Protein chains: 2
Amino acid sequence: MFSVFKKYIESKATLSDDEWAFIESVSNVKKFRKHQLVLKEGDVWNFHAFICDGCVRRYSTDADNVEHTIQFSIENWWTGDRESLLNETPSKLNIEAIENTTVLLIHKDDFDKICEKIPTFSSIISSILQKSMNTMQKRIQADISYTAEEKYLHFLEFYPQLANRVPRHMLASYLGVTPETLSRIRKLAYKK
Amino acid sequence: MFSVFKKYIESKATLSDDEWAFIESVSNVKKFRKHQLVLKEGDVWNFHAFICDGCVRRYSTDADNVEHTIQFSIENWWTGDRESLLNETPSKLNIEAIENTTVLLIHKDDFDKICEKIPTFSSIISSILQKSMNTMQKRIQADISYTAEEKYLHFLEFYPQLANRVPRHMLASYLGVTPETLSRIRKLAYKK
DNA sequence: CCATTCTCTTGATAAATGTCAAGATTTTTT
DNA sequence: AAAAAATCTTGACATTTATCAAGAGAATGG
């Protein structure tokens, strides 16, 4: 599964064999069954995590025990809890495999070493961060501007692969509506 | 006004006189009157922008000409349009001074040079980016989890300085509700 | 393959928020 | 200081979304 990661990085820049050897030496490939937690609320998150295969969702649980899905991540995306990673505080999030999933984990200390040793890698990562910020900003824009129906259609447009892959009640919690509302929206959208 | 920026950076790390001289040589301090646009939709944004004094808001305008405030930034924060900066595409956003505002602008090419020459600076910036991502994520969580009233109270809690500084209709558009709804929420919140 | 559990949909009703219109208040301009 | 413009609030009503309850449908485990 390391090859998936290698292919992903090499689509952005070329690294030497030595560099790859180092990266591989600090990489851990771990498999999670559907429903297993990659990160459990309360634990400190110490990794950078790349999805080689499968699908996970990041979510928080509110005072009424309702789950709110912050993000879905599929193969060739990253996941994790940046807040816990950065501040070394217990995470307030859960990350759950919603399919059988293979994750490549690199401990943050090792990750920092890679970035130090390999400036190319470092700049790839920073460009990924930038893109990820753009994505988050678009999400915020959608959240404050759109009606529930518009949010759903927007999601379909931007993540068509995901719409059929994630359970609907999780999609509802991602969009910030109840499953019932999503169900009704879908019914209306079909008619059009 | 350069001193404000210097003080901000020096609260995080120390740079040499030479390094400061270089940074200052590529910095542009620009003043904006209340209501003036720092960035106009359609223009390409080429800068990194630090607010020395004042307050701006970043907003988009939707198909019905309704404005949606994405973020407020005051002194000691950054502003700009990362998407336009990164992709060199016309911006879809406006940035408006909502007070008389002083901004320190550094052209992206110069900014990249600073980061190359001064690794300390570069790592300060990347840690700021990380924090900013955490903030955005919390915003997303609030947007999908909270009722309008909770969003307002949450805003008061996290940005007490801002609540009295920004016009209410802009705050409403930041929270994703109409000015009328915000007005009613405030009335209820007082009673409690 | 059946039973159980989980997920999705539908209906009835309640609650939250939006829309439109008008008046009060504040700010800006002259 | 007065007039004009912009902002904020309030009321009546419409629309959207949530809640609760029930049943249909799908996935899961023995």
Side-chain angles (χ1 to χ4, degrees), chain A residues 32-36 54-55 57 59 61-69 72 96-100 142-156 162-192, chain B residues 32-36 54-55 57 59 61-69 72 96-100 142-156 162-192:
Chain A
F32 293 88
R33 284 274 180 81
K34 187 171 177 173
H35 296 135
Q36 271 193 313
C55 183
R57 69 162 177 147
Y59 69 93
T61 306
D62 70 18
D64 300 327
N65 252 15
V66 178
E67 296 175 356
H68 301 281
T69 300
F72 298 107
E96 177 196 17
I98 61 181
E99 298 173 1
N100 292 338
D143 286 340
I144 63 174
S145 316
Y146 294 169
T147 62
E149 184 181 10
E150 287 168 338
K151 284 180 205 172
Y152 173 64
L153 295 174
H154 184 257
F155 182 88
L156 284 189
L162 273 179
N164 302 313
R165 213 166 147 180
V166 304
R168 286 210 220 313
H169 67 281
M170 292 183 189
L171 175 52
S173 85
Y174 174 92
L175 297 174
V177 299
T178 58
E180 293 94 330
T181 295
L182 179 55
S183 186
R184 284 169 187 129
I185 286 166
R186 286 165 44 80
K187 205 170 149 189
L188 284 174
Y190 277 135
K191 288 189 184 166
K192 288 181 183 168
Chain B
F32 293 88
R33 285 274 181 81
K34 187 172 178 173
H35 296 135
Q36 272 193 313
C55 183
R57 68 161 178 150
Y59 68 93
T61 306
D62 71 17
D64 300 328
N65 252 16
V66 178
E67 295 175 357
H68 301 280
T69 299
F72 299 107
E96 178 196 16
I98 61 181
E99 298 174 1
N100 293 338
D143 286 340
I144 64 174
S145 316
Y146 293 168
T147 62
E149 184 180 9
E150 287 167 338
K151 283 180 205 172
Y152 173 66
L153 295 175
H154 184 259
F155 182 87
L156 284 190
L162 273 178
N164 301 313
R165 213 166 147 180
V166 305
R168 287 210 221 312
H169 67 282
M170 291 183 191
L171 176 52
S173 85
Y174 174 92
L175 298 174
V177 299
T178 58
E180 293 94 330
T181 295
L182 178 56
S183 188
R184 284 168 188 129
I185 285 167
R186 285 165 44 79
K187 204 169 150 189
L188 284 175
Y190 277 135
K191 288 189 185 169
K192 290 182 184 167

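Protein chains get the first letters and strands the later ones, always in sequence-line order, with residue 1 at the start of each. Remember, predicted model here, so these are calculated numbers, not experimental data.
- The interatomic distance linking A:L175 (CG) with C:dC8 (P) rounds to 13 Å, in whole Å.
- Side-chain nitrogen and oxygen atoms of A:H169 include at least one within less than 4.0 Å of the OP1 or OP2 phosphate oxygen of C:dC8.
- Residues meeting the side chain to side chain contact (heavy atoms under 4.5 Å, CB included) test with B:S145, sequence neighbours left out: A:H68.
- For the pair B:E150 CD and C:dA15 P, the interatomic distance rounds to 17 Å; values are reported in whole Å.
- One finds the CD atom of A:E149 at 6.0 Å from the OG1 atom of A:T147 (value rounded to the nearest 0.5 Å).
- Of the listed nucleotides (C:dG18, D:dA18, C:dT9), C:dT9 has the atom at the smallest distance from the side chain of A:P179.
- B:T178 OG1 to B:R184 CZ: the interatomic distance, rounded to the nearest 0.5 Å, is 7.0 Å.
- Salt-bridge annotation for A:R33 and A:E99: absent, with no side-chain N of the basic residue lying under 4.0 Å from a carboxylate O of the acidic one.
- In this entry the distance linking CZ of B:R186 with C1' of D:dT9 reads 10 Å, nearest Å.
- Nearest heavy-atom pair across A:I144 and B:S173 is CD1-O, 3.8 Å.
- If you measure from atom CD of A:E67 to atom C1' of C:dT7, you get 14 Å, rounded to the nearest angstrom.
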Close N or O pairs between protein and nucleotides 11-13 of chain D (under 3.5 Å):
| unit_1 | atom_1 | unit_2 | atom_2 | d |
| --- | --- | --- | --- | --- |
| D:dG11 | N7 | B:R184 | NH2 | 2.6 |
| D:dG11 | O6 | B:R184 | NH2 | 2.8 |
| D:dA12 | N6 | B:R184 | NH2 | 3.4 |

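- By the ring-ring contact (aromatic ring centres under 6.0 Å, His included) test, B:H169 pairs with no residue at all, sequence neighbours left out.
- With sequence neighbours excluded, no residue forms a ring-ring contact (aromatic ring centres under 6.0 Å, His included) with A:Y152.
- Here A:F32 contributes atom CZ and A:E96 contributes atom CD; the two are 12.0 Å apart, rounded to the nearest 0.5 Å.
- Atom CZ of B:R168 and atom P of C:dT26 are 10 Å apart (whole Å).
- Of the side-chain N and O atoms in B:T181, none sit less than 4.0 angstrom from OP1 or OP2 of C:dT17.
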Every protein N/O within reach of nucleotides 22-30 of chain D N/O, cut-off under 3.5 Å:
| unit_1 | atom_1 | unit_2 | atom_2 | d |
| --- | --- | --- | --- | --- |
| D:dT28 | OP1 | A:K34 | NZ | 3.2 |

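- When every heavy atom of B:M170 is checked against every heavy atom of B:T69, the shortest pair comes out as O-OG1, 3.5 Å.
- To the nearest angstrom, P of D:dT17 lies 10 Å from CG of A:L188.
- Considering all non-hydrogen atoms of both residues, A:A172 and A:L182 come closest at N-CD2, 3.7 Å.
- Rounded to whole Å, atom P of C:dT27 lies 16 Å from atom CZ of B:R165.
- Between A:T178 and D:dA18 there is a side-chain polar atom (N or O) within less than 4.0 angstrom of OP1 or OP2.
- Among the nucleotides C:dT17, C:dC8, C:dT9, the one closest to any side-chain atom of A:P167 is C:dC8.
- The CD1-P distance, from B:I98 to D:dA6, rounds to 17 Å in whole Å.
- In this structure, A:Y174 has its ring center under 6.0 Å from that of A:F155.
- Taken over five-pair windows at either terminus, the axes of the helix from C:dC1-D:dG30 to C:dT30-D:dA1 are inclined to one another by 60° (rounded to 10 degrees).
- Residues A:L182 and B:S183 each lie close to DNA chain D; by heavy-atom proximity, the contact nearer the 5' end of the strand is made by B:S183.
- The minimum heavy-atom distance linking A:T61 with A:E67 is given by the pair OG1-CG, 4.2 Å.
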